**Q** 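Got a structure for you, written out below as structure tokens; questions coming shortly.
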Amino acid sequence: MSEIAREVVPVHTASRDYDVIVGTRLLDEVGDRMRAALAADAAFVVSDNNVAPLYLERVEASLRMAGFAVASTIVEAGESHKNLTTFGAILEDMASAGLTRDSIVVALGGGVVGDMAGFAAASYMRGIRVVQVPTSLLSMVDSSVGGKTAIDLSRGKNLIGAFLQPSLVIADVDCLSTLSPYAFVDGIGEVVKHGVLADEQLFDELAAHPLAQDGDPAQLARIIARNVAIKRDVVGADEKERGVRQTLNLGHTIGHAFEAASGYALGHGHCVAAGLCHVARASEHLGWSEPGTSDRIERCVAAQGLPTSCDIPLDDVIAQASHDKKRHGAGVNLVVPTRIGAVTMRHVSLDELATLIREGARSPRP
Ligand code: GLY
């Protein structure tokens with residue numbers, strides 16, 4: 001049996017301080033870790049019908065052993081269920097379980113579960129605490145940290161939500177072994193993004209040694225913790241996305257457009273990777289990025305098994321990007337890499353964005 005790996009990343013934000021614990025064999029410690037960090041009467045676990053059969057029993061047992069009263073609800077898996085109906089059902093189940101202001105919601109699953117359970121916690125009795133137990137790579141390196149919670153409306157993704165920093169995050173890398181290969185690779189999109197954003201060393205390591213699902217768990221834990229630390233530094237400086245947190249949207253303006261134009265058939269991380277390559281090609285053409293930056297990004301993205309472009313009609317991509325909910329006035333704040341490890345934000349008009357999207361579509365690496 002491999003050695004136990006443990007990394008702890010402390011997060012400091014204006015609204016709450018908490019630890020992100022990343023490692024192996026952590027699921028059976030969820031109860032003890034929560035008991036050590038938080039006083040609470042009951043724990044209410046939200047999971048989905050993919051994750052619950054694999055891990056819910058272990059987490060419930062661990063919570064009971066630590067002295068929590070435990071109740072759970074299981075929602076249908078998938079973004080198409082991240083809606084008002086499911087949200088309402090979670091809240092009704094929380095009320096039926098008799099949760100109080102001293103109870104804690106435990107989000108056991110990927111980004112969709114984390115978003116919904118977090119928003120339910122933010123809403124119930126005007127806000128109770130949430131512990132995130134992410135089980136996908138995407139949620140470990142990104143969505144479980146930083147406090148964004150949301151559900152979708154028929155007119156768009158994440159249109160209602162709240163900022164609620166978790167009280168604790170417990171990421172057991174052993175859970176990654178049960179992801180589909182597509183879902184694992186999907187998470188790497190955000191890992192590459194973090195390297196381009198803030199860490200050339202991480203980027204070079206990824207380019208030389210693409211992340212592998214069956215890789216050394218201690219190594220995976222170290223890389224996930226590094227990603228959490230990058231995000232922590234940004235969120236700690238700007239919890240509510242008024243300024244520097246917008247840089248985390250690197251690759252997302254065009255990536256979201258790919259996602260929406262594909263009818264959400266493509267994974268978020270795949271679209272972020274393609275969006276990152278797209279904006280890097282355009283940015284380098286405009287002289288905003290150091291020469292060679294886009295080539296390095298494309299090579300790294302391709303090495304992970306992620307796409308460097310997206311086969312969607314440009315007019316559709318431009319139409320989607322123009323409706324991005326993160327529009328600022330008559331344009332968008334576009335994040336561009338100046339080199340590997342550094343980014344800048346440029347306000348571009350929608351016309352400039354359209355030109356840029358056309359430019360970025362030229363000569364992608366096959
Ligand atoms: N995923 C970007 C953010 O949390 O701000």
Side-chain angles (χ1 to χ4, degrees), residues 9 11-16 18 20 22 79 82 107 109-119 121-122 130 132 134 136-152 156-166 169 171 183 186-199 202 224-260 264 266-276 279 306 321 324-328 332-337 343 345:
V9 184
V11 180
H12 306 285
T13 69
S15 68
R16 177 168 281 137
Y18 55 95
V20 179
V22 187
E79 186 76 33
K82 203 176 93 175
V112 170
V113 164
D115 270 3
M116 275 197 297
F119 188 37
V130 65
Q132 295 281 352
S136 70
L137 182 58
L138 197 84
S139 56
M140 289 184 192
V141 296
D142 186 15
S143 59
S144 66
V145 179
K148 280 190 182 175
T149 73
I151 58 169
D152 304 336
K157 262 180 86 172
N158 297 332
L159 285 189
I160 41 175
F163 285 98
L164 175 68
Q165 295 296 336
V169 181
D186 202 47
I188 311 178
E190 296 284 357
V191 177
V192 177
K193 179 199 83 176
H194 284 144
V196 176
L197 186 72
D199 191 337
L202 169 68
I224 291 165
R226 179 63 199 130
N227 278 266
V228 169
I230 291 169
K231 183 161 184 184
R232 178 268 315 269
D233 291 345
V234 176
V235 170
D238 173 25
E239 187 180 356
K240 299 276 171 74
E241 202 172 312
R242 307 262 189 254
V244 71
R245 186 164 181 170
Q246 292 174 46
T247 61
L248 293 175
N249 295 326
L250 174 64
H252 283 60
T253 305
I254 301 173
H256 277 157
F258 289 152
E259 232 182 319
Y264 297 97
L266 298 172
H268 176 73
H270 284 68
C271 293
V272 167
L276 179 58
V279 76
L306 284 163
D324 196 287
K325 75 173 189 296
K326 290 186 176 164
R327 264 172 65 173
H328 289 264
V332 293
N333 288 341
L334 188 71
V335 188
V336 296
V343 295
M345 219 157 30

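Throughout, residue positions are numbered sequentially from 1 according to the sequence presented. Every number for a ligand or one of its atoms is a count from 1 in the order of the listing. Everything numeric in this text was worked out from a predicted model, so none of it was measured.
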**Q** When you measure from atom 5 (O) of ligand 1 to every protein heavy atom, which one gives the shortest distance, and what is it?
**A**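 Protein heavy atom at minimum distance: Arg245 NE, 2.7 Å.
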
**Q** Check this for me - ligand 1, Lys193, N or O atoms closer than 3.5 angstrom, yes or no?
**A**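 In fact, backbone or side chain, Lys193 has no N or O that close.
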
**Q** Can you give me the closest heavy-atom contact between Pro134 and Ser144, atom names plus distance?
**A** CG-OG, 3.6 Å

**Q** Distance alone, cut at 3.5 Å: any donor-acceptor contact between the side chains of Asp238 and Gln246?
**A** no

**Q** What are the two closest non-hydrogen atoms of Cys271 and Leu266, and how far apart are they?
**A** SG-CB, 3.5 Å

**Q** Could you check whether Glu190 pairs with Lys231 (Lys NZ or Arg NE/NH1/NH2 to Asp/Glu carboxylate O, under 4.0 Å)?
**A** no

**Q** Do any nitrogen or oxygen atoms of Asn249 lie less than 3.5 angstrom from nitrogen or oxygen atoms of ligand 1?
**A** no

**Q** Non-hydrogen atoms of Lys231 versus ligand 1: any pair closer than 4.0 Å?
**A**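 Within the 4.0 Å threshold, so yes.
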
**Q** How far is atom 1 (N) of ligand 1 from its nearest protein heavy atom, and which residue and atom is that?
**A** Asp142 OD1, 3.1 Å

**Q** Consider only side-chain N and O atoms of Tyr264 and Glu79, and report whether a donor and an acceptor are under 3.5 Å apart.
**A**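 Tyr264 vs Glu79: no donor-acceptor pair found between side chains.
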
**Q** Near Leu248, which atoms of ligand 1 are under 4.0 Å from a heavy atom of that residue?
**A** 2 (C), 3 (C), 5 (O)

